[in-house]
Amino acid sequence: MTAQKSLKDLLTGLIFIGFGLAFGYAALSYETGTALRMGPGYFPLILAGIIIVLGVATLLQSASGPDKTPIGRAPWLALALILGGLAFFGLTVRGLGLAPALFVSTFLSAFASERTGVGGALVMAAGLVLISMLIFVWALGLPLRIFGPWLPL
Amino acid sequence: MDLIANLGVGFEIALTPVNILYCFVGVLLGTLVGVLPGIGPTGTVAILLPITFTFEPVTALIMLAGIYYGAQYGGSTSAILINLPGESSSAITAIDGHQMARQGRAGPALATAALGSFFAGSVATLLLAIAAPPLARVALKFGSAEYFSLIVLGLIASVALAHGSIIKALGMIVLGLLLGTVGQDLYSGQPRFTFGFFELYSGINFVSVAVGVFGVAEILRNLEDEKTRTLLVKKVENLWLTKDDFRRSVNPVLRGTALGSLLGVLPGGGHVLAAFASYSLEKKISRNEAEFGRGAIEGVAAPESANNAAAQTSFIPLLTLGIPAHPVMALMIGAFIIHGITPGPNVMTDEPALFWGLIVSMWIGNLLLVLLNLPLIGLWVKLLTIPYRVLFPAIIAFACIGTYSIGLNAFDIYAIAVLGLIGYVLVKLDCEPAPLLLGFVLGPLLEEHLRRAMIISRGDPMTFLERPISAGLLAFAALAIVLSLLPAIRKRREEVFSEED
């Protein structure tokens with residue numbers, strides 16, 4: 001029985017319901033108001049209701065048959081490196097400045113490819129920092145600090 | 001003839017060397033930032049706005065407008081070549097355009113986009129000149145009830161684009177709408193779903209959502225199985241359209257231009273709607289429907305013409321009503337005000353030189369764009385020879401800088417990571433990201449018009465059905481859902497999409 005179910009639909013339904021419950025629960029703490037004068041909670045509550053209904057419908061749909069294609073593996077290392085690289089950039093761009101923050105996050109991202117070694121990633125990161133400085137800081141004149149206050153420069 | 005006299009005034013202004021120069025600078029920058037992922041026209045216009053303080057008002061507006069429609073050309077280039085839409089309106093081009101690129105037909109896809117855009121831009125600019133006053137009167141008659149119903153129809157129509165389950169696609173729309181409610185409530189100022197983070201008061205950044213669900217999620221998909229996938233076309237031959245390509249593109253371009261010109265007038269994502277709507281139209285009426293989603297040239301020709309036509313006609317509400325149809329238009333209002341001009345119906349009569357000069361410059365800009373894009377297509381195609389393992393860190397780097405530069409807000413970067421993860425998981429579960437993005441963009445407008453319409457009708461929801469235009473739009477939306485749920489059509493859809501991947 002369970003083997004005949006679509007795992008993708010099952011998970012999608014749970015995700016939709018999860019989002020609906022989370023947004024709906026949070027929206028309950030805002031004033032709902034009336035149909036005439038809707039409060040900040042009115043519209044999100046309607047949406048939360050709709051997505052929960054759609055989530056349940058997706059759950060029911062999952063019984064109609066197994067997935068045609070498997071979900072497949074996830075590139076866990078690449079996922080961690082790329083999301084980690086983004087988070088690092090956000091955390092340090094102000095303190096370290098654009099160049100060092102970008103260098104580290106592009107190094108991490110580049111390393112996410114199975115075909116890129118440490119040396120290649122270093123070269124790519126250095127090159128990208130240089131190109132980015134030329135385009136965004138020199139040519140476009142974005143008001144970004146190349147080196148931030150955390151560095152003794 | 002008023003029109004000819006007016007256009008004469010316009011040409012006199014637009015053809016001065018300094019205005020031609022800044023028109024060129026604008027469209028060149030627009031193409032550049034349209035091609036570069038993560039930095040779009042909104043960011044660029046915002047950054048360059050202070051520089052234009054010292055210009056003549058008309059020169060400043062000509063350059064800023066050039067960035068906007070220039071980015072429409074550039075945005076389609078990155079959508080086709082790397083499946084990363086530079087603009088929300090080119091998201092739809094990525095579907096078939098990128099498939100064409102994967103099949104080694106990036107050249108014809110790019111040429112179709114450029115030529116279709118030029119044709120649509122020229123026609124729409126002329127339409128803008130002819131129809132600005134009467135069309136503004138039509139748009140004036142639209143109340144909030146009509147806008148609400150129009151947005152509902154636009155959202156529902158996007159479901160027809162989704163591959164596979166309609167219920168999942170509807171869910172993605174609603175998820176997008178929910179994400180769009182994050183931030184301060186328009187009426188009460190109450191912060192919603194901000195978890196106490198002050199940075200979220202102005203909402204989740206649109207660029208973060210687009211870069212996350214389209215860019216990062218796609219990168220993660222591509223890194224799943226690096227060895228067996230050939231991601232990018234190595235060699236692009238035959239940049240020019242075959243006779244068959246040309247024959248198949250003509251009608252979609254014409255229809256796209258017509259639809260785009262019409263929808264572009266409506267404030268609020270008109271050019272996004274236009275691209276989506278013209279794509280579904282082509283898909284519905286095409287004899288090659290099975291080819292859509294797998295590299296149909298009509299799927300590039302129609303939305304590209306539509307979004308460029310809409311990009312031109314979206315200036316109508318700005319120039320005649322002072323209402324922005326796009327974030328860039330909102331920045332343009334800022335530019336008007338800086339130069340001491342109040343945007344609105346008075347601009348046409350008080351500042352005829354500026355009004356007509358700007359309009360004529362758009363046609364000149366479109367001409368410059370074709371000259372710039374067709375010879376340079378070879379240069380854009382060279383991006384393809386860069387191996388993917390070099391390309392994707394560059395996408396991440398430009399996305400980081402571009403997104404960060406908009407508001408110097410680290411939160412926008414975290415939003416990319418979070419939405420990239422959510423997008424990746426949902427895409428893996430066969431949910432399409434396009435409806436989510438559309439829901440996110442149109443969500444705040446939908447809520448605003450719903451609430452305003454309800455206030456106007458004294459809380460009576462029947463207002464949406466009693467007003468004929470609104471009722472008609474809603475009827476179309478209901479019809480679209482019913483039709484796509486019919487067993488026969490559902491089966492056909494499944495057949496169409498089952499051969500993919």
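Quick note on labels: first sequence line is chain A, next is B, and so on, each numbered from 1. What's counted below: heavy atoms across the whole structure, side chains too, no hydrogens, waters or symmetry copies.
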Within residues 91-100 of chain A, the residues sitting under 4.5 Å from chain B by heavy atom, in sequence order, are A:Leu91, A:Val93, A:Arg94, A:Leu98
Interatomic distance, CG@A:Leu45 vs OG1@B:Thr181, rounded to 0.5 Å, equals 10.5 Å
Whatever's closer than 4.5 Å to a heavy atom in chain B on A:Leu11 counts as both
Note: A:Ile51 and B:Gly171 closest approach over all heavy atoms is CD1-O, 3.7 Å
Is any side-chain heavy atom of B:Met454 less than 4.5 Å from a side-chain heavy atom of A:Met38? yes
For B:Ser188, the side-chain hydrogen bond (donor to acceptor under 3.5 Å, both in side chains) test, sequence neighbours excluded, returns B:Asp185
Honestly, the part of B:Ile422 sitting under 4.5 Å from a heavy atom of chain A is side chain
So, the part of B:Leu426 with a heavy atom under 4.5 Å from chain A: the answer is side chain
Does a side-chain heavy-atom distance below 4.5 Å link A:Met124 with B:Arg389? yes
Here the gap from B:Tyr414 atom OH to A:Leu86 atom CG, rounded to the nearest 0.5 Å, amounts to 10.5 Å
If one checks every heavy atom of B:Phe195 against chain A at 4.5 Å, the contacting part turns out to be neither
Between the CG atom in B:Leu223 and the OG atom in A:Ser113, the distance rounded to the nearest 0.5 Å is 6.5 Å
Residue from A:Pro40, A:Ala35, A:Ala22, A:Ala87 scoring the most non-hydrogen pairs under 4.5 Å with chain B is A:Pro40
Inset, instruction - For residues A:Phe43 and B:Pro444, determine if any side-chain heavy atom of one lies less than 4.5 Å from a side-chain heavy atom of the other. - result: no
Interatomic distance, CG@B:Leu175 vs CD1@A:Ile50, rounded to 0.5 Å, equals 12.5 Å
By ring pair (Phe, Tyr, Trp, His ring centres under 6.0 Å), B:Phe148 pairs with (sequence neighbours left out) B:Phe464
If one checks every heavy atom of A:Phe23 against chain B at 4.5 Å, the contacting part turns out to be both
Highest number of heavy-atom pairs under 4.5 Å with chain A among B:Ile219, B:Leu178, B:Ile396 belongs to B:Leu178
Heavy atoms of B:Ile401 and A:Ser132 approach each other most closely as CD1-CB, 3.4 Å
Of A:Ser105, A:Ser109, A:Ala57, the largest count of non-hydrogen pairs under 4.5 angstrom with chain B goes to A:Ser109
* Asked: Is any side-chain heavy atom of A:Tyr42 less than 4.5 Å from a side-chain heavy atom of B:Arg451?
  -> no
Of the listed B:Ala410, B:Gly189, B:Pro393, B:Ala453, the one with the largest count of heavy-atom pairs under 4.5 Å with chain A is B:Pro393
Greatest number of non-hydrogen atom pairs under 4.5 angstrom with chain A, of B:Ile413, B:Ile456, B:Leu450, falls to B:Ile413
Comparing B:Phe411, B:Tyr424, B:Tyr187 against chain A, the one with the most heavy-atom pairs below 4.5 Å turns out to be B:Tyr424
Contacts satisfying salt bridge (charged side-chain N to carboxylate O under 4.0 Å, His left out) that involve residues 8-30 of chain A (not counting sequence neighbours) are A:Lys8-B:Asp430, A:Asp9-B:Lys168
Under 4.5 Å to a heavy atom of chain B? For A:Leu47 that would be both
So, the part of B:Cys400 with a heavy atom under 4.5 Å from chain A: the answer is both
If one checks every heavy atom of A:Leu102 against chain B at 4.5 Å, the contacting part turns out to be side chain
Distance col, row A:Leu79:CG vs B:Glu224:CD, nearest 0.5 angstrom, shows 10.0 Å
Run B:Phe392 and A:Ile82 through side chain to side chain contact (heavy atoms under 4.5 Å, CB included) and show every step you take.
CA-CA 10 Å; B:Phe392 83 84; A:Ile82 287 178; 4.0 Å; yes
In terms of heavy-atom contacts, A:Pro44 and B:Glu447 come closest through CD-OE2, 4.5 Å
For B:Phe197, look at atom CZ and say whether over 12 heavy atoms of other residues, nucleotides or ligands are found less than 6.0 Å away.
-> no
If one checks every heavy atom of A:Ala27 against chain B at 4.5 Å, the contacting part turns out to be both
Whatever's closer than 4.5 Å to a heavy atom in chain A on B:Val418 counts as neither
Of B:Leu429, B:Val174, B:Val182, the largest count of non-hydrogen pairs under 4.5 angstrom with chain A goes to B:Leu429
Whatever's closer than 4.5 Å to a heavy atom in chain A on B:Phe193 counts as both
Counting heavy-atom pairs under 4.5 angstrom with chain B, the leader among A:Leu7, A:Ile46, A:Thr12, A:Leu77 is A:Thr12
When every non-hydrogen atom of B:Ile167 is compared with those of A:Leu54, the smallest separation belongs to CG2-O, 3.6 Å
Closest non-hydrogen atoms of B:Gln190 and A:Tyr30, given as atom of the first, atom of the second and distance, are NE2-CD2, 3.3 Å
Between B:Ala397 and A:Thr106, the two heavy atoms sitting closest are CB-CG2, 3.3 Å
Okay, A:Thr116 and chain B: the region with an atom under 4.5 Å from a heavy atom over there is both
